[in-house]
Amino acid sequence: MLNDSIHYANGSLHCDGISLAQIAERIGTPCYVYSLPRILHQLQRLKAAFQAIPSEIHYSAKANANLDILRALIQAGVGIDTVSGGEIWRALQAGCPAADIVFAGVGKTKAEIDYAIDEGVGWINIENQQECAWIQAAATRAGRTQRVALRLNPAERAATHAAIATGHAEAKFGLSATSIRELMQRAERYPALDFCGLHVHIGSQLSEPSATGRAIDAAGNLLAEYPQLATLNIGGGFPVPYRQDSELSTVEEWVASLQPYLLRLQLREAVKIEPGRFLVADAGVLLTRVLYCKRQLGQTTLIVDASMSELLRPALYGAHHEIVPLNEVEKASRETMQVVGPVCESTDVLLPQVALPPPQAGDLLAILTVGAYGMVMASNYNARPRPAEVVVYRNGAESGWRLSRAREDWRSFYPGESQDP
Ligand code: LLP
């Protein structure tokens, strides 16, 4: 979606005053472009929405682990929520103090737990009882006490796409309230673990907050039983509009409706939040170039140089991302078409129906709201190089841009592969 940072100026699409066509000409396509000012603006909005609720933010690096984005958020005082050894390493590489890292995940390996504890991560979110023994062993060896939060599965089905709901009883995530009570009864078996919080995350892109409210209440019942649990981590899930006509609540409304639930918990420590999508989604665009236009059997198909390899969400979830021309044209001169990528899969459709100006090979388009779960889910399918990433930054009143990550080269796809015949 267009916003204060991604906007048309003099008929062409800009990011914070920088011409996106100019970036496409210099860097080539497909290419992700991210607005750092927009990300920091969203961070300020979220902080303001939580003003009346003592809170601490851990940015969910799974949404976008671009180094410049991580650095900007860490410099703005945000911790990082990680789900693998690789993400912990990445957060440290970006300069995050280990104490500000949360390590979560439904299937942490022993090696990842050892690494997390050796590096000194602040929190580990626990999803099953067996993890406790591994954390106990690693923390004892390191001579540390490890703060842990227990992830509650509140048996609440979130109002979102089925593929990104995580809080229902059949989901693989979290511990039931009964499992948490069993674990708390055996807590003294794990003297190196400081059981000091609960965690609950019922899904992403939550269209309305009532299920989250009920999940917070369910967590509240457990917090009341175990006074050593001083805080609650409510995860991410803050919704982002992907369509111009979206009727989703704003983040301000969303947080306001959860505020009574959070305040009545009377937590001793700040509530933790793990926003991913909200901070980065609408700061990102994917620039792509028209390769061919095919008119047959009553339909127009536009084949562009971006595909499901660079942006998987439409193929995987049927997710909607608007596509706009870099050069604005009269609405009257548009034609309805499907936009597809070159990958050999029928699901490689970026947008099944869109009205665009009659295309010419070489025209530039922007796929909008791709800052979250775009590049991180890109692959080398069909031996396609992952795209370049550019960041636009502000330096005082001036905007500038730089190549943040170069496009991959297919000659580097197979490192470590044996060359033996
Ligand atoms: N915390 C936990 C425990 C999570 O599992 C997630 C996302 C987040 C925080 C961040 O959630 P957010 O604020 O971004 O909603 N690939 C999917 C989204 C998967 C989300 C996974 N967990 C997509 O493209 O929609």
Side-chain angles (χ1 to χ4, degrees), residues 39 42-43 45-46 49-50 55-65 69 73 78-84 87 91 101-108 123-127 149-154 156 158-168 171-175 197-209 211-212 215 219 232-242 248-249 251 254-255 258 271-284 286 308 310-321 350 367 369-379:
I39 293 171
Q42 294 294 80
L43 176 64
R45 270 184 73 191
L46 194 62
F50 272 91
S55 58
E56 241 173 54
I57 301 177
H58 293 97
Y59 164 63
S60 213
K62 65 174 85 64
N64 187 329
I69 292 179
L73 286 169
V78 164
I80 303 292
D81 164 44
T82 64
V83 285
S84 65
E87 279 191 359
I101 295 178
V102 175
F103 179 35
V106 78
K108 307 172 191 77
W123 287 88
I124 297 184
N125 292 343
I126 289 180
E127 301 223 20
L150 300 175
R151 177 168 181 178
L152 169 67
N153 177 324
E156 283 293 344
T160 185
H161 190 290
I164 53 175
T166 53
H168 47 293
K172 66 179 178 178
F173 299 97
L175 293 152
L198 289 182
H199 176 220
V200 66
H201 168 90
I202 63 166
S204 191
Q205 184 66 354
L206 302 172
S207 60
E208 54 83 40
T212 304
L232 177 64
N233 178 336
I234 60 164
F238 307 96
V240 165
Y242 282 85
L248 284 177
S249 5
V251 79
W254 214 86
V255 176
L258 290 180
V271 69
K272 314 279 182 277
I273 56 172
E274 299 171 338
R277 187 188 313 267
F278 177 76
L279 294 180
V280 292
D282 74 0
L286 178 58
M308 66 190 286
E310 293 77 33
L311 179 67
L312 185 58
R313 303 191 73 253
L316 190 60
Y317 313 118
H320 177 89
H321 289 273
L350 294 162
I367 311 177
T369 326
V370 295
Y373 307 107
M375 181 64 168
V376 282
M377 291 170 71
S379 74

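Order of appearance sets the numbers: ligands from 1, and atoms from 1 within every ligand.
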Exercise. Applying the side-chain hydrogen bond (donor to acceptor under 3.5 Å, both in side chains) test to N233, which of E274, K272, E56 qualifies?
Worked result: E274

For this session: Can you tell me which residues line ligand 1 if we count any heavy atom under 4.0 angstrom from one of its atoms, in chain and number order?
Result: S60, K62, D81, R151, I164, H199, H201, S204, Q205, G236, G237, E274, P275, G276, R277, R313, Y317, Y373, M377

Exercise. Donor-acceptor pair, S55 side chain versus I273 backbone, under 3.5 Å?
Worked result: no

For this session: Give a yes or no on whether the backbone of R151 and the side-chain of N125 come within a donor-acceptor separation of less than 3.5 Å.
Result: no

Problem set entry | Main-chain N/O of G79 paired to H58 side chain as donor or acceptor, under 3.5 Å | no

Exercise. When rounded to the nearest 0.5 angstrom, what is the spacing between OH in Y242 and NE2 in H321?
Worked result: 5.5 Å

Exercise. Which value, rounded to the nearest 0.5 Å, describes the distance between I80 atom CD1 and I57 atom CD1?
Worked result: 11.0 Å

